[in-house]
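Data block below; observations after.
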Amino acid sequence: MSVRSQLSSAVVAVVTLAGGAAAASTINQNTAWTINRPNAAATYRVVAYGDSLFAGYNGAPYSVARRAAPYVDGEYLSTKWNAHIEVIRRTKSGARADDIYNNKIVAERSYMQASNTRAVMFEMCGNDYLQARSAFMQQTGTCSYFELDSALFNCTLYMERAMQAINTYATSAKVKIISTIHYPGFDADNVLTPCTDSTTGTRVNKRARFLPYLAKSNWRACNLAEKYGFKCADSFAEYMAADYDSNGDGLIDRDAIRYRPGETEASYVHRITTTLGSTLRDANFHLASPGVSYDYIQSDNTHPTYYGSSTIGINTSGNGSGSGASDFSDSQFLNGKNPVWNTSGHERMGWIISTFDPPAP
């Protein structure tokens, strides 16, 4: 049974192809939304930097999903802290890691420097890999892995720089979080490339080549988080594996593929790509149980789905704002989860981020 009610879908993707090479169109989609709490005395701030994932991209340049992952976390915080929460998203859809670092995290650092900032989060690199993957599939003749290698190098470089900058500027934050990234198009990538490998002389399975790069990137995100005092929300694990034990190894699949502190990169990559590779599933069909699935990916096969239809309008300057009460009453939060915590991509990402929230501001 596939449950798709109350999920909104996009009709276009941020990353496009032009002139035979991967080219990205980018657009600022910045929002400020205050979650109002009845009788609350204090207002605290959550700041999120990133690309279309944290933006809440929904296929339209002048609106975004209100209930994107940073908002979802803000709602958990509002309930936990009995406070108004400002959710500030400084995001650029289509942006690569260097753009997010330079033009969002550094150039717009004032948002996290506010004295009431309590949580800062970021995600990046999705567009680096999307563009490298698209370019890879356009190759003929002998395959070159240069663009995939470059994407991994640049992603690693700017994730570390981002953490260093946030540690410098977000002095009042009680928690700092990076999210790993899911694999969009997991099923669609199970095809052969037009080019051939220089060693084997055969065509390459696109997914088999791409997955280790993403696994290395996600391991480095979490490993850098340990080094710099960040928390690592493993959204890859939450999206890409079932919420039950499908292979009888005694572990829920999502927990089995989760990042493990102290594990080497090589060991993690082998575990994800080989040992437990058969338990990975396309996030369009995230299995909550053997008979129940939820669609975590919009119709563009890239961006996360979200609960409800409420959006935030974006003006021509790339900014939008608003305020309102939580969508759920306190009694609806059970064991740290809202009633729709696992039914869409943004709810799931927002929930795993919230598990690192401190008990008090």
Side-chain angles (χ1 to χ4, degrees), residues 13-17 20-24 96 125-156 180-221 234-242 246-247 249 253-254 256-259 263-287 293 295-304 345:
V14 170
V15 177
T16 59
L17 299 182
R96 294 187 302 191
C125 302
N127 290 297
D128 298 71
Y129 295 121
L130 286 175
Q131 292 174 43
R133 184 179 65 175
S134 295
F136 180 53
M137 283 303 288
Q138 293 179 18
Q139 296 181 26
T140 57
T142 302
C143 296
S144 169
Y145 306 119
F146 174 78
E147 292 199 46
L148 292 171
D149 291 336
S150 295
L152 178 60
F153 176 85
N154 289 329
C155 176
T156 305
T180 63
I181 52 179
H182 64 281
Y183 189 144
F186 183 79
D187 280 354
D189 275 5
N190 190 23
V191 295
L192 296 178
T193 60
C195 62
T196 58
D197 183 78
S198 61
T199 301
T200 65
T202 60
R203 295 163 68 190
V204 178
N205 181 280
K206 181 181 177 183
R207 186 171 74 191
R209 174 61 60 171
F210 188 70
L211 180 59
Y213 282 95
L214 193 60
K216 290 177 182 179
S217 183
N218 284 335
W219 181 89
R220 293 177 189 185
D234 196 350
S235 297
F236 178 87
E238 299 300 320
Y239 275 49
M240 303 301 300
S246 71
N247 63 349
D249 66 356
D253 288 2
R254 69 167 188 268
I257 69 166
R258 199 182 306 282
Y259 172 82
E263 184 178 26
T264 66
E265 180 179 294
S267 177
Y268 172 82
V269 172
H270 184 77
R271 179 162 57 88
I272 297 300
T273 62
T274 304
T275 307
L276 297 175
S278 63
T279 67
L280 299 182
R281 302 179 186 278
D282 194 296
N284 277 293
F285 308 97
H286 179 84
L287 290 173
S293 69
D295 189 351
Y296 279 12
I297 307 295
Q298 296 179 29
S299 60
D300 63 6
N301 211 19
T302 300
H303 297 95

* To do: Check F136 against S144 and note the closest heavy-atom contact, atom names and distance.
  => CD1-O, 3.8 Å

* **Worked verdict on S246 versus L287 for side chain to side chain contact (heavy atoms under 4.5 Å, CB included)** => CA-CA 10 Å; S246 71; L287 290 173; over 6 Å; no

* Structure fact -> Heavy-atom closest pair (A151 atom, A132 atom, distance to 0.1 Å) is CB-CB, 4.0 Å

* Asked: How long is the gap from CG on L276 to CG on D249, to the nearest 0.5 Å?
  -> 6.5 Å

* Asked: Are N284 and N301 close enough, and set up right, to give a side-chain hydrogen bond (donor to acceptor under 3.5 Å, both in side chains), and what steps lead you there?
  -> CA-CA 8 Å; N284 277 293; N301 211 19; 2.7 Å; yes

* **pair D197-R209: side-chain heavy atoms closer than 4.5 Å** => yes

* Asked: About how many Å separate OG of S267 and CH2 of W219, when rounded to the nearest 0.5 Å?
  -> 10.5 Å

* To do: Indicate the atoms forming the closest heavy-atom contact of R207 with N205, along with that distance.
  => N-OD1, 3.0 Å

* Is the charged tip of R281 near the ring of F186: under 6.0 Å from the six-membered ring centre and within 45° of its axis? -> no

* Side-chain donor/acceptor of T273 to backbone N/O of P212, under 3.5 Å -> no

* Under 3.5 Å, is there a donor-acceptor pair between the side chain of R258 and the main chain of E238? -> no

* Asked: If we only count heavy atoms from C-beta on, is the L152 to R220 side-chain gap below 4.5 Å?
  -> yes

* **Side chains of Y213 and K216 in contact at under 4.5 Å (non-hydrogen atoms)** => no

* To do: Drop me the distance from C155's SG to N218's CG, to the nearest 0.5 angstrom.
  => 8.0 Å

* Hey, does M240 have a side-chain heavy atom less than 4.5 Å from the side chain of D253? -> no

* About how many Å separate CZ of F236 and OG of S217, when rounded to the nearest 0.5 Å? -> 11.0 Å

* Would Y259 and T180 satisfy side-chain hydrogen bond (donor to acceptor under 3.5 Å, both in side chains), going step by step from the backbone distance to the final call? -> CA-CA 10 Å; Y259 172 82; T180 63; over 6 Å; no

* Taking all atoms of both residues into account, what is the closest heavy-atom pair of G185 and D282, and its distance? -> C-OD2, 4.0 Å

* To do: Could you check R133 against E147 for salt bridge (Lys or Arg N to Asp or Glu O under 4.0 Å), going step by step and ending with a plain yes or no?
  => CA-CA 8 Å; R133 184 179 65 175; E147 292 199 46; over 6 Å; no

* Asked: Is the shortest heavy-atom distance from the side chain of I181 to the side chain of C125 under 4.5 Å?
  -> yes

* How many angstroms lie between CD in Q139 and OG1 in T196, if you round to the nearest 0.5 Å? -> 10.0 Å

* Asked: Would you say R96's side chain and N127's backbone share a donor-acceptor pair under 3.5 angstrom?
  -> no

* **Any donor-acceptor N/O pair, R271 side chain to A256 backbone, under 3.5 Å** => yes

* To do: State, yes or no, whether a side-chain contact exists between P184 and L130 at a heavy-atom distance under 4.5 Å.
  => yes

* Verify whether the ring centers belonging to F210 and Y183 lie closer than 6.0 Å. => yes

* Close side-chain approach of P194 and M137, heavy atoms under 4.5 Å -> yes

* Going from CG on D234 to CD1 on I257, what distance comes out if it is rounded to the nearest 0.5 angstrom? -> 7.0 Å

